[in-house]
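Accompanying notes for the structure given below.
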Amino acid sequence: MTTPEAPTSAPRPGRARKLPGPLVVLVAVPLLVSFALWAFAWPAARTAPRDLPLGVAGPAAATARVEARLEQHPDAFALHRYADEAAAREAIRDRDVYGALVATPGGPKLLTASAAGPAVAQLLTRAAAEAAPDGTRLRTEDVVPPPPGDPRGSALSASVLPLALAGVATGALVTLMRLRGTRGMLALLAAAALVGLAATALTDSWLGVLAGNWWAEVGAFGLTVLAVSSAVAGLGVLLGPKGIGVGAMLTVLLGNPWSGVPSAPELLPDPVGTLGQWLPPGAGGTLLRGVGFFDGRAVDTPVLVLTVWAVLGLTALALGGLRGGRQRAAQPLSAGRDTPSAMRS
């Protein structure tokens, strides 16, 4: 009697075949690298002024020729006109403009604010030199310079990525440890507060690269980290561990190069400059610059953006805690119904 052959396993209809592991690596890695290069290299390669706010101060007759030369660069500058030099200085301190070209009896004078972005100050110096009347010497004055501890203003740019990574790491830990509800929210809030204290002690008290109100800087650092970590943890509640990758993509691969902190949002190509300010790294960098160098002026929008990210993420954590509590409460009831009744004696 012949032994029947074992049936061969055939793929069930409707079940998708998984790609081999090596093929996944060969496809995913080049795509990820290409995406990262596009996100980082494209904005850097297309840096140019786009409606960059620039003030022009002085009598209309004296500034007409300068305005005409500046307007030869279409859509490069958004000109704001001021009656005199004092009004232009105030507008720079209020962050309404990045600089101002003032017509004075001794010739044109450029007011800049290197603390608002060294790259912008250099760009304005070149543009003002070209727009100045022939044969005149352009005088420059830095109205809001960076602190002595960071004369080139590079430390603030370098702080954006560590803050994003700290937020991603915190949100990832909360997700992987399955912290939900009150525990997860307290963990995020405590971590953000500690990062704010440590970062301010490092950048302000030790390195001297920030020169604003100490506690305002603590709040700016902490709120930035809280926005990133809450977004990652909230996505973890909605998507599981995959949410960590989505949150990292939004905050590190997109938010960091699109933040505009090393240059300015108005120097990035559209719509990157605008979108970057609606992501936590861009809003956090703008907030830090405002509290660190400009006495907290023009920070309403970044505070609102960061708060929205934080509230959405914390709300997702709270709802995840409520859902988990209901599931745990339902388990004893279902277990009791499934238990067989005791045998009668």
Side-chain angles (χ1 to χ4, degrees), residues 156 159-200 203 212-213 215-256 258-261 265 274-292 296 298-324:
L156 180 62
S159 66
V160 175
L161 180 58
L163 290 178
L165 293 176
V168 171
T170 304
L173 287 174
V174 168
T175 300
L176 296 177
M177 296 173 66
R178 302 186 64 82
L179 299 177
R180 299 288 187 268
T182 304
R183 292 195 305 161
M185 296 168 66
L186 289 177
L188 293 181
L189 291 169
L194 292 175
V195 170
L197 291 169
T200 306
T203 57
N213 180 274
W215 289 107
E217 293 166 0
V218 171
F221 278 117
L223 184 57
T224 302
V225 173
L226 179 63
V228 177
S229 60
S230 299
V232 173
L235 289 169
V237 171
L238 299 175
L239 305 176
K242 295 179 181 178
I244 300 174
V246 176
M249 183 188 71
L250 286 174
T251 57
V252 177
L253 289 183
L254 295 180
N256 183 54
W258 294 5
S259 66
V261 176
T274 301
L275 293 177
Q277 294 303 298
W278 292 101
L279 295 174
T286 301
L287 175 59
L288 281 171
R289 199 183 293 279
V291 301
V299 297
D300 296 345
T301 299
V303 167
L304 176 62
V305 170
L306 294 172
T307 302
V308 168
W309 279 99
V311 169
L312 290 176
L314 293 174
T315 301
L317 269 181
L319 294 177
L322 292 176
R323 184 179 60 185

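Since this is a predicted model, take the numbers as computed values, not measurements.
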Going by the rule side chain to side chain contact (heavy atoms under 4.5 Å, CB included), which residues pair with [X] if we only count those two or more places apart in sequence or in a different chain?
X      : answer
Ala199 : Phe221
Leu186 : Thr182
Ala248 : Val168
Thr315 : Val311, Leu319

* Scan for side chain to side chain donor-acceptor pair (under 3.5 Å) pairs involving residues 167-179, sequence neighbours excluded, and state none if there are none. => none
* Find the distance between CG (Leu197) and CH2 (Trp215) and round it off to the nearest 0.5 Å. => 5.5 Å
* Distance, nearest 0.5 Å, that separates CG of Leu188 from CZ of Arg183 -> 12.5 Å
[X] versus [Y], closest heavy-atom pair with distance:
X      : Y      : answer
Ala187 : Val174 : CB-CG2, 4.3 Å
Leu179 : Leu317 : O-CD2, 3.5 Å
Ala283 : Val305 : CB-CG1, 3.8 Å
Pro281 : Gly255 : CB-O, 3.5 Å

* Could you tell me which residues satisfy side chain to side chain donor-acceptor pair (under 3.5 Å) with Thr286, sequence neighbours excluded, listed by chain and number? =>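 Result, side chain to side chain donor-acceptor pair (under 3.5 Å) vs Thr286: Gln277.
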* **Worked verdict on Asn213 versus Val291 for side chain to side chain contact (heavy atoms under 4.5 Å, CB included)** => CA-CA 7 Å; Asn213 180 274; Val291 301; over 6 Å; no
* **Trp309: ring pair (Phe, Tyr, Trp, His ring centres under 6.0 Å) partners, not counting sequence neighbours** =>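 In terms of ring pair (Phe, Tyr, Trp, His ring centres under 6.0 Å), with neighbours along the sequence ignored, Trp309 is linked to no residue.
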* Side chains of Thr274 and Pro265 in contact at under 4.5 Å (non-hydrogen atoms) ->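 They are not in contact (no side-chain heavy atoms under 4.5 Å apart), so the answer is no.
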Indicate every side-chain donor-acceptor pair of residues 224-246 with a distance under 3.5 Å to a residue at least two apart or in another chain.
from	atom 1	to	atom 2	distance (Å)
Thr224	OG1	Ala220	O	2.8
Ser229	OG	Val225	O	2.9
Ser229	OG	Leu226	O	3.2
Ser230	OG	Leu226	O	2.7

* In this structure, which one of Asn256, Val160, Leu288 forms a side chain to side chain contact (heavy atoms under 4.5 Å, CB included) with Val261? ->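 For Val261, the side chain to side chain contact (heavy atoms under 4.5 Å, CB included) test succeeds with only one of Asn256, Val160, Leu288, which is Val160.
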